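Some notes on the structure that comes next.
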Amino acid sequence: MRVLISGSSIAGPACAFWLHRAGAEVTVVEKSRRPRPGGHAVDIRGVARQIVEWMGIREAIRARQVDERGWLLVDRRNRPMGRMPADAFGGEGMVAEIEIARGDLAEVLRDATAGFTEYRYGDRVTELAQDGTGVDVTFADGRKERYDVVIGADGVHSGVRSLAFGPDSDYVRYLGVYSAYFTVTDPGDLENWYLMYNEPGRVAGIRPERGGTAKAHFGFREPQARYERLTVDEEKRVTAERMAGGAWKIPQLLAQMADAPDFFFDSINQVHVNRWWRGRVALVGDAGYCGSPLAGLGTSMSLVGAYVLAGELTRDPDPERAFAAYQNAMADYVAAGLELPPGGAKGFAPYSRLMIRLRAKSMSMVTSWPMRNLVAKQFGKAEAITLQDYGLRNPQLR
């Protein structure tokens, strides 16, 4: 089976790994000219931890993961208002036991597949034409090739989804928040905690990294999606305007944002696709189901989805039947992963100082009864699937 995967972040390389175990010939195409380093921290939760063990990459992840004691909500004077240790809820709390920069995890996955997967950077799919036996693919560089299966693993704004399923407007739901991430110098007072500070309608955060740096985060509420397709300079200007006048560490973080080479800015969205395949084209990860960073299960769903998709293609040579089985196996797990925590965007960046104080009060009680039982249900969704054995776990098959 010849398989084309669009997207080289998390779901794409993970799917390439398992498809190779199944005997497929896999090519990964990525529109970026080179791998994207760094990025914000992502977590590996629940059954996804078993996936990385089966892949044999747990030690590589351990060597790169961020050492965080947990999440700490602070006031303008940096005084604690609420906290959740990393070992709360069995390591599945707001900060998970396994936290790693997105770019670092992507690199681990690419390293695990480099010996048998072709990666093409600086190119993308521009046209798909399929029939009963395959998919004719046209690339931006003019090349045309035929594949048995095409998989869209290219994120919230998936190019493959647009070509085979329809425009973003049919599937992407804006949640009313914009977010920015960038690297700064470690301020020296984090003590391995992820610090978060709220002002009405906006949030700032900073979390430790390795090597003397930290990752800064800004977020602000915006009722309408109005900051799309901006240049990086325009994104920095908008962020600076919306965070201007803030207290806590906001002025220092803004000063470093101006020259940050890894600045990333985007709206926070969910992706809902009723059926994850069209003929021989299927979606995995954020391209097909994204709960947003507010839901907190995106990376784990990508890793699990890649395993299940490859496994079902192993069981059934008919792609459409395999894709239907993949969605059936994942449906309940994805439904749980798309659920937002109580309050959604309002809880993430409350509009009033009263709500900020009430949230801090509730966070100080999350590890105590009765709130512990209520919150545990939210974090327990990372285990909401039983992984099947598709015969792909034996490393000797590589």
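None of these values were measured; they are calculated from a predicted model.
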- State which residue, out of Lys249, Met257, Gln256, Lys215, fulfils the side chain to side chain contact (heavy atoms under 4.5 Å, CB included) condition with Val184. Gln256

- Inspect the surroundings of CE in Met1 and state if more than 12 heavy atoms from other residues, nucleotides or ligands are less than 6.0 Å away. yes

- Are Arg124 and Phe139 side-chain neighbours, meaning at least one heavy-atom pair lies under 4.5 Å? no

- Task: Please test Asn269 against Arg173 for side-chain contact (heavy atoms from CB on, under 4.5 Å), starting from the C-alpha separation and ending with a verdict.
- Result: CA-CA 5 Å; Asn269 305 280; Arg173 173 191 168 203; over 6 Å; no

- Query: Can the positive tip of Arg242 be found less than 6.0 Å from the middle of the six-membered ring of Tyr178, inside 45° of the ring normal?
  - Reply: no

- Query: Using 4.0 Å as the upper bound for N to carboxylate O, is an ion pair formed by Asp123 and Arg33?
  - Reply: no

- Task: Compare all side-chain heavy atoms of Arg221 with those of Lys346 and state whether any distance is below 4.5 angstrom.
- Result: yes

- Message: Quick one about Tyr390 and Glu312 (side-chain donor to acceptor, distance below 3.5 Å, no hydrogens or angles considered), yes or no?
- Response: yes

- Item | Gln224 CD: over 12 foreign heavy atoms closer than 6.0 Å | no

- In terms of heavy-atom contacts, Gly205 and Leu253 come closest through O-CD1, 4.2 Å

- Does Arg76 count as lying over the ring of Trp248, i.e. NZ or CZ under 6.0 Å from the six-ring centre, within 45 degrees of the axis? no

- Query: Between Phe218 and Tyr181, is the gap from one ring center to the other below 6.0 Å?
  - Reply: no

- Query: Do the non-hydrogen side-chain atoms of Val177 and Phe220 ever get within less than 4.5 Å of each other?
  - Reply: no

- More than 12 heavy atoms of other residues, nucleotides or ligands under 6.0 Å from CG of Asn78: is that the case? yes

- Query: Is there side-chain contact between Arg146 and Val137, with at least one heavy-atom pair below 4.5 Å?
  - Reply: no

- Message: Under a 3.5 Å cutoff, is there a donor and acceptor pairing between the side chains of Asp262 and Thr183?
- Response: yes

- Non-hydrogen atoms of Val284 and Ser302 that approach each other most closely: CG2-O, 4.4 Å

- Quick one: does Met81's side chain get under 4.5 Å of Val74's, heavy atoms only? no

- Query: For the hydrophobic clusters of this structure (ILVMFWY residues joined by side-chain heavy atoms under 4.5 Å, transitively), does one cluster hold both Phe182 and Val203?
  - Reply: no

- Quick one: CZ on Arg83 to CG on Leu72, what's the gap to the nearest 0.5 Å? 5.0 Å

- Starting at CD of Glu199, measure out to CG of Asp75 and round the result to the nearest 0.5 Å. 11.0 Å

- Message: Quick check on side chain to side chain donor-acceptor pair (under 3.5 Å): which of Ser6, Ser8, Ser9 does Glu30 satisfy it with?
- Response: Ser8

- Item | Evaluation steps, side-chain contact (heavy atoms from CB on, under 4.5 Å), between Thr213 and Thr185 | CA-CA 5 Å; Thr213 62; Thr185 303; over 6 Å; no

- Message: Under the criterion side chain to side chain donor-acceptor pair (under 3.5 Å), I'd like the reasoning laid out for Arg280 against Gln130: C-alpha separation, chi angles, the key distance, then a yes or no.
- Response: CA-CA 7 Å; Arg280 289 174 170 261; Gln130 59 177 309; 5.9 Å; no

- Message: For Tyr147, does the six-membered ring have the charged nitrogen or CZ of Arg2 within the cation-pi criterion, i.e. under 6.0 angstrom from the centroid and within 45° of the normal?
- Response: yes

- Can you tell me how far OG1 of Thr117 sits from CG of Leu19, rounded to the nearest 0.5 angstrom? 9.0 Å

- Message: Between Arg62 and Glu59, does any side-chain N to carboxylate O distance fall below 4.0 Å?
- Response: yes

- Message: Assess, by modelled atom type and distance only, whether the side chains of Thr133 and Asp131 contain a donor and an acceptor separated by less than 3.5 Å.
- Response: yes

- Message: Please tell me whether Tyr351 and Phe348 are part of a single hydrophobic cluster in this structure, the criterion being side-chain heavy atoms less than 4.5 Å apart.
- Response: no

- Message: Ignoring hydrogens and geometry beyond distance, is a side-chain donor-acceptor pair present between Tyr119 and Thr113 at under 3.5 Å?
- Response: yes

- Crowded around Asp141 CG? As in, over 12 foreign heavy atoms under 6.0 Å? yes

- Task: Using the rule that two of Ile, Leu, Val, Met, Phe, Trp, Tyr join whenever any of their side-chain heavy atoms come within less than 4.5 Å, decide whether Tyr174 and Tyr289 are in one cluster.
- Result: no

- Item | Test applied, side chain to side chain contact (heavy atoms under 4.5 Å, CB included); reference residue, Val271; option that passes from Leu283, Val172, Leu338, Asp286 | Val172

- Message: Please determine whether a side-chain nitrogen of the Lys or Arg among Glu234 and Arg237 lies less than 4.0 Å from a carboxylate oxygen of the Asp or Glu.
- Response: no

- Ile206 side, atom CD1; Asp186 side, atom CG - distance, nearest 0.5 Å: 6.5 Å

- Hey, are Glu383 and Arg45 close enough for a salt bridge, meaning a charged N less than 4.0 Å from a carboxylate O? no

- Does Asp154 pair with Arg161 as a salt bridge, N-O distance under 4.0 Å? no

- Message: Quick check on the 6.0 Å ring-centre criterion: do Trp276 and Phe323 meet it?
- Response: no

- Item | Option from Thr138, Val150, Leu4 for which side chain to side chain contact (heavy atoms under 4.5 Å, CB included) with Val125 holds | Leu4

- Message: If I take atom OH from residue Tyr194 and atom CE from residue Met84, how far apart are they, to the nearest 0.5 angstrom?
- Response: 13.0 Å

- Minimum heavy-atom separation for Ala106 to Ile10, with atom names? N-CD1, 3.9 Å

- Query: Would you say Asp170 and Pro167 make side-chain contact, with heavy atoms under 4.5 Å?
  - Reply: yes

- Message: Restricting to non-hydrogen atoms, name the atom on Ala11 and the atom on Ala306 that form the minimum distance, rounded to 0.1 Å.
- Response: O-CB, 3.9 Å

- Considering only heavy atoms from C-beta outward, does the side chain of Ile5 approach that of Thr27 to under 4.5 Å? no

- Atom of Gly337, atom of Leu297 and distance for their closest heavy-atom approach: CA-CD2, 3.7 Å

- Message: Could you check whether Arg207 makes a cation-pi contact with Trp193, meaning its NZ or CZ is under 6.0 Å from the centre of the six-membered ring and within 45° of the ring axis?
- Response: no

- Query: Would you say Val149 and Phe116 are hydrophobically clustered, going by side-chain heavy atoms of ILVMFWY under 4.5 Å?
  - Reply: yes

- Query: Is the closest side-chain donor-acceptor distance between Gln50 and Arg393 under 3.5 Å?
  - Reply: no

- Side-chain H-bond candidate by donor/acceptor type, Tyr307 with Gln388, under 3.5 Å: no

- Message: Please find the pair of heavy atoms, one from Ile57 and one from Ala112, that lie closest to each other, and give the distance.
- Response: CG2-CB, 3.9 Å

- State, yes or no, whether a side-chain contact exists between Glu107 and Arg64 at a heavy-atom distance under 4.5 Å. yes

- Message: Please evaluate residues Arg120 and Glu145 with respect to the criterion salt bridge (Lys or Arg N to Asp or Glu O under 4.0 Å), reporting the C-alpha separation (whole Å), side-chain torsions for both, the decisive distance (0.1 Å), and the verdict.
- Response: CA-CA 14 Å; Arg120 298 179 186 170; Glu145 297 183 6; 2.9 Å; yes

- Within one Ile-Leu-Val-Met-Phe-Trp-Tyr cluster: Leu73 and Leu190, side-chain cutoff 4.5 Å: no

- Pairwise distance NE2(His157) to SG(Cys290) - rounded to 0.5 angstrom: 9.0 Å

- Query: Taking everything shown except Asp389 itself, do over 12 heavy atoms lie less than 6.0 Å from its CG?
  - Reply: yes

- Message: Show, in sequence, the C-alpha distance, side-chain angles and deciding distance for Ser179 and His217, and conclude whether the side chain to side chain donor-acceptor pair (under 3.5 Å) test is met.
- Response: CA-CA 7 Å; Ser179 186; His217 166 230; 3.0 Å; yes

